[in-house]
**Student:** 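One structure coming up, written as structure tokens, with questions to follow.
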There are 2 protein chains.
Amino acid sequence: MIDRNTVETTLKEAGYKLTNQRKAILDVLFEHQNHFLTADDIYLRTKTKYAQTNFSTIYRNLETLVKLDIIHKTNIQDDASSYELVCHNSHHHHIICKGCGKTEAIDFCPLEEFHGKIHDKNFTLTDHKFELYGYCSKCQKQNSGKE
Amino acid sequence: MIDRNTVETTLKEAGYKLTNQRKAILDVLFEHQNHFLTADDIYLRTKTKYAQTNFSTIYRNLETLVKLDIIHKTNIQDDASSYELVCHNSHHHHIICKGCGKTEAIDFCPLEEFHGKIHDKNFTLTDHKFELYGYCSKCQKQNSGKE
DNA sequence: CTTCGTGCAAAAAATTTGCATCCGT
DNA sequence: ACGGATGCAAATTTTTTGCACGAAG
């Protein structure tokens with residue numbers, strides 16, 4: 001698990017300042033560990049903590065945090081971009097709830113299996129994505145009610 | 001491999017008409033099998049075949065084709081949406097070149113392995129994504145030259 | 001001739017940027 | 001005081017929509 005201090009230290013060491021807006025964004029991210037939030041979500045929630053926060057600031061900071069590997073960015077189901085704190089140090093993947101963005105880390109990485117089976121001379125691999133989508137128990141109940 | 005006739009039949013059976021714009025878009029997609037193209041790419045290329053083609057038409061048609069499972073949509077590296085003809089009937093995944101969008105199908109599906117190892121009671125899985133990213137032999141050469 | 005599809009223009013949504021000012025160190 | 005960070009407004013980029021006209025079956 002990552003902690004607040006580590007994150008703040010990482011930022012400082014990279015030459016970034018600890019502004020109130022930045023802190024508010026981190027607050028939001030820490031309050032929603034294991035959940036992907038859209039930029040808009042983060043904007044709205046950050047605003048409740050630091051009212052004058054601006055969308056540009058959010059985007060600029062999210063970009064910074066991604067660069068420093070403090071947060072993780074993905075596109076749930078090819079829609080809008082979502083962000084989540086990187087909570088684990090080791091390489092892992094996610095199960096993601098399409099309803100609420102809740103995530104769960106999974107240790108299994110298909111690449112190991114894959115390497116054993118296939119060797120492709122035409123591609124030099126740089127990275128990969130393995131994501132499972134579904135509904136968490138909570139969203140499942142809500143959905144079954146609707147349909 | 002999917003063929004042009006099958007696609008046209010699928011469209012007709014679903015009650016869609018075979019317009020010139022639609023044909024031009026299919027031309028482009030068939031000329032770029034195993035490549036992800038952005039909506040913009042498709043727009044530009046379709047325009048050379050049918051000059052008055054409009055962006056709205058492109059988006060509306062891509063949406064239709066996705067719905068009919070004729071094309072596949074993804075976000076290469078969380079950036080813009082890209083589309084590719086679905087060329088294989090069986091379930092499979094992709095290796096995707098970050099340079100040119102070229103893809104290669106891989107038969108390996110990590111889900112089988114995964115199911116054997118992990119059973120998660122908190123999530124009902126609906127679908128998944130497994131994508132490998134890298135550079136194809138061509139783009140690799142170009143990149144090594146640049147940097 | 002009926003229904004679906006298209007172009008156009010405009011709106012909406014998502015993201016980025018320039019610049020003057022502000023704030024953390 | 002210096003340099004990064006922010007707010008604001010405006011520009012871009014991406015995607016969607018309403019509507020009248022045109023075209024496919």
Side-chain angles (χ1 to χ4, degrees), chain A residues 5 7-28 36-68 70-71 73-83 101, chain B residues 5 7-28 36-68 70-71 73-83 101:
Chain A
N5 275 337
V7 170
E8 301 199 346
T9 308
T10 307
L11 277 168
K12 281 186 191 163
E13 284 178 355
Y16 293 102
K17 292 173 182 169
L18 215 51
T19 62
N20 289 321
Q21 293 89 331
R22 206 102 87 183
K23 283 184 210 159
I25 293 171
L26 288 176
D27 283 345
V28 170
F36 274 102
L37 298 176
T38 62
D40 194 63
D41 280 336
I42 295 171
Y43 169 62
L44 260 22
R45 290 172 205 275
T46 302
K47 231 174 148 60
T48 68
K49 294 177 187 293
Y50 196 81
Q52 67 262 46
T53 307
N54 189 274
F55 235 127
S56 330
T57 305
I58 298 292
Y59 275 111
R60 283 191 273 233
N61 276 300
L62 290 177
E63 199 192 335
T64 302
L65 295 172
V66 167
K67 206 178 300 172
L68 294 178
I70 292 169
I71 61 176
K73 178 183 182 183
T74 194
N75 289 60
I76 300 188
Q77 292 295 292
D78 303 323
D79 281 73
S81 293
S82 302
Y83 305 84
Chain B
N5 275 337
V7 169
E8 301 198 347
T9 308
T10 307
L11 276 168
K12 280 186 193 165
E13 284 178 356
Y16 293 103
K17 292 171 181 171
L18 214 51
T19 62
N20 289 322
Q21 293 88 332
R22 206 101 87 184
K23 283 185 211 160
I25 293 171
L26 288 176
D27 282 345
V28 170
F36 274 102
L37 298 175
T38 62
D40 194 64
D41 279 337
I42 295 171
Y43 169 61
L44 260 23
R45 290 172 204 275
T46 301
K47 231 175 147 60
T48 67
K49 294 177 186 294
Y50 197 81
Q52 68 262 45
T53 308
N54 189 277
F55 233 126
S56 330
T57 305
I58 297 292
Y59 274 111
R60 282 191 273 234
N61 276 301
L62 290 176
E63 200 191 336
T64 301
L65 295 172
V66 167
K67 206 178 298 171
L68 294 177
I70 292 169
I71 61 175
K73 178 183 181 183
T74 195
N75 289 60
I76 301 188
Q77 292 293 293
D78 304 322
D79 280 72
S81 293
S82 302
Y83 305 83

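So you know, we letter chains A, B, ... as the sequences are listed, proteins then strands, and number each from 1. Here the structure is a predicted model, which means the values were calculated and not measured.
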**Student:** Whole-Å distance between D:dT14 P and B:Asn75 CG?
**Tutor:** 12 Å
**Student:** Taking only residues two or more places apart in sequence, or in another chain, which ones meet B:Ser56 in a side chain to side chain donor-acceptor pair (under 3.5 Å)?
**Tutor:**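 For B:Ser56, the residues satisfying side chain to side chain donor-acceptor pair (under 3.5 Å) (neighbours in sequence not counted) are B:Asn54.
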**Student:** Let's see if you get this right: which residues in residues 46-55 of chain B place a heavy atom under 4.0 Å from DNA chain D?
**Tutor:** none
**Student:** For B:Tyr50, give me all partners under ring pair (Phe, Tyr, Trp, His ring centres under 6.0 Å), at least two apart in sequence or on another chain.
**Tutor:**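 None.
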**Student:** For the OH atom of A:Tyr43 and the OH atom of A:Tyr59, what is their distance to the nearest 0.5 Å?
**Tutor:**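 If I round to the nearest 0.5 Å, the distance is 11.0 Å.
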**Student:** Starting from P on D:dG3, measure out to CG on A:Leu11 and report it in whole angstrom.
**Tutor:** 20 Å
**Student:** Quick one: what's the B/S/- string for nucleotides 19-25 of chain D, heavy-atom cutoff under 4.0 Å, read 5' to 3'?
**Tutor:** -----BS
**Student:** By nearest nucleotide on DNA chain D, pick out whichever of A:Ser56 and B:Tyr83 is the more 5' one.
**Tutor:**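 Closer to the 5' end of DNA chain D: A:Ser56.
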**Student:** Using the heavy-atom set of chain A and a strict 4.0 Å cut-off, write down the first and last nucleotide of DNA chain C that makes it in, 5' to 3'.
**Tutor:** C:dA14 to C:dT25
**Student:** Taking side chain as C-beta onward, heavy atoms only, is A:Val28 less than 4.5 Å from A:Thr48?
**Tutor:**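 In short, these two side chains do not touch, never coming nearer than 4.5 Å.
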**Student:** Can you pull out every side chain to side chain donor-acceptor pair (under 3.5 Å) where at least one residue sits in residues 12-22 of chain B? Sequence neighbours excluded, please.
**Tutor:**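 Matches after skipping sequence neighbours: B:Arg22-B:Asn61.
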**Student:** Tell me which one of B:Thr74, B:Ile25, B:Ile42 satisfies side chain to side chain contact (heavy atoms under 4.5 Å, CB included) with B:Tyr83.
**Tutor:** B:Ile42
**Student:** Quick check for you: to the nearest 0.5 Å, what is the distance between A:Ile70 atom CD1 and A:Leu11 atom CG?
**Tutor:**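 It is 4.5 Å, given to the nearest 0.5 Å.
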**Student:** A side-chain contact here means heavy atoms from C-beta on lying under 4.5 Å apart; do A:Thr46 and A:Thr57 qualify?
**Tutor:** no
**Student:** Over how many whole Å does the gap from B:Asp41 atom CG to D:dT14 atom C1' extend?
**Tutor:** 14 Å
**Student:** Using C1' atoms of five pairs at each end, report the bend of the helix from C:dC1-D:dG25 to C:dT25-D:dA1 rounded to 10 degrees.
**Tutor:** 40°
**Student:** Distance check: side-chain N/O of A:Thr57 vs OP1/OP2 of D:dA5, anything under 4.0 Å?
**Tutor:** no
**Student:** What distance do B:Ile71 atom CD1 and B:Leu62 atom CG have between them, rounded to the nearest 0.5 Å?
**Tutor:** 4.5 Å
**Student:** I'd like to check the side chain to side chain contact (heavy atoms under 4.5 Å, CB included) partners of A:Ser82; sequence neighbours left out, ordered by chain and number.
**Tutor:** A:Phe36, A:Thr38, A:Ile76
**Student:** Among all residues two or more places apart in sequence or in another chain, which pass the side chain to side chain donor-acceptor pair (under 3.5 Å) test with B:Asp40?
**Tutor:** none
**Student:** Which residue pairs pass the salt bridge (Lys or Arg N to Asp or Glu O under 4.0 Å) test with at least one member in residues 52-68 of chain A, sequence neighbours excluded?
**Tutor:** none
**Student:** Quick test of your reading: applying salt bridge (Lys or Arg N to Asp or Glu O under 4.0 Å), list the pairs with at least one residue in residues 46-55 of chain A, sequence neighbours left out, ordered by first then second residue.
**Tutor:**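 Output for this query lists A:Glu31-A:Lys49.
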**Student:** Is B:Asn61 touching bases, backbone alone, or none of the nucleic acid, heavy atoms closer than 4.0 Å?
**Tutor:**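 B:Asn61: backbone/sugar contact only, no base atoms under 4.0 Å.
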**Student:** Grab the CD1-P distance between A:Ile58 and D:dA5 for me, whole Å please.
**Tutor:** 15 Å
**Student:** May I have the distance from B:Glu63 (atom CD) to D:dT16 (atom C1'), rounded to whole angstrom?
**Tutor:**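 In whole Å, D:dT16 C1' lies 9 Å from B:Glu63 CD.
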